[in-house]
Amino acid sequence: MSKTAVITARLDEDTLALVDRIAAAQGRSRSWFAAEAIRRVAETEADFMAFIQAGIDSADRGELTPHDEVFANLRERRRRRAA
């Protein structure tokens, strides 16, 4: 079994009621719901941070598209969509 840790979070009454309602409907505990929610958000944030870092790394390598080229491309897309 993997190690676990206990954390404490304060929730307003409405959020807690929502958590309780969803957890009960799924046959889960508050603890399971909180752990799952934290895991999902942490994974999403980690993915986003990796995406941002990939862009930073690309920029550091000089792999950039000039501003004018980006806007020219957008104008062309808009023109084709309107046609």
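FYI, side chains are in, hydrogens and waters are out, and symmetry mates aren't considered; it's all heavy atoms of this structure.
- Shown here for D68 and R75, the closest heavy-atom pair between the two residues is O-NH2, 4.4 Å.
- Rounding to the nearest 0.5 Å gives a distance of 11.5 Å between CD of E13 and CG of D20.
- Across all their heavy atoms, S29 and A23 have their closest contact at O-CB, 3.9 Å.
- Residues meeting the side chain to side chain donor-acceptor pair (under 3.5 Å) test with R78, sequence neighbours left out: none.
- There is no side-chain donor-acceptor pair under 3.5 Å between E69 and N73.
- Residues R30 and L16 meet the side-chain proximity criterion, which asks for heavy atoms closer than 4.5 Å.
- Side-chain N/O atoms of D12 and T15 include a donor and acceptor closer than 3.5 Å.
- Using a 4.0 Å cut-off between charged side-chain N and carboxylate O, E43 and R40 make no salt bridge.
- One distance of note links CD of E36 with CD of Q26; it measures 9.0 Å at 0.5 Å rounding.
- In the hydrophobic clustering of this structure, F48 does not group with V41; members are Ile, Leu, Val, Met, Phe, Trp, Tyr whose side-chain heavy atoms approach within less than 4.5 Å, directly or through other members.
- Under the ring pair (Phe, Tyr, Trp, His ring centres under 6.0 Å) criterion, no residue pair touches residues 3-44, with sequence neighbours excluded.
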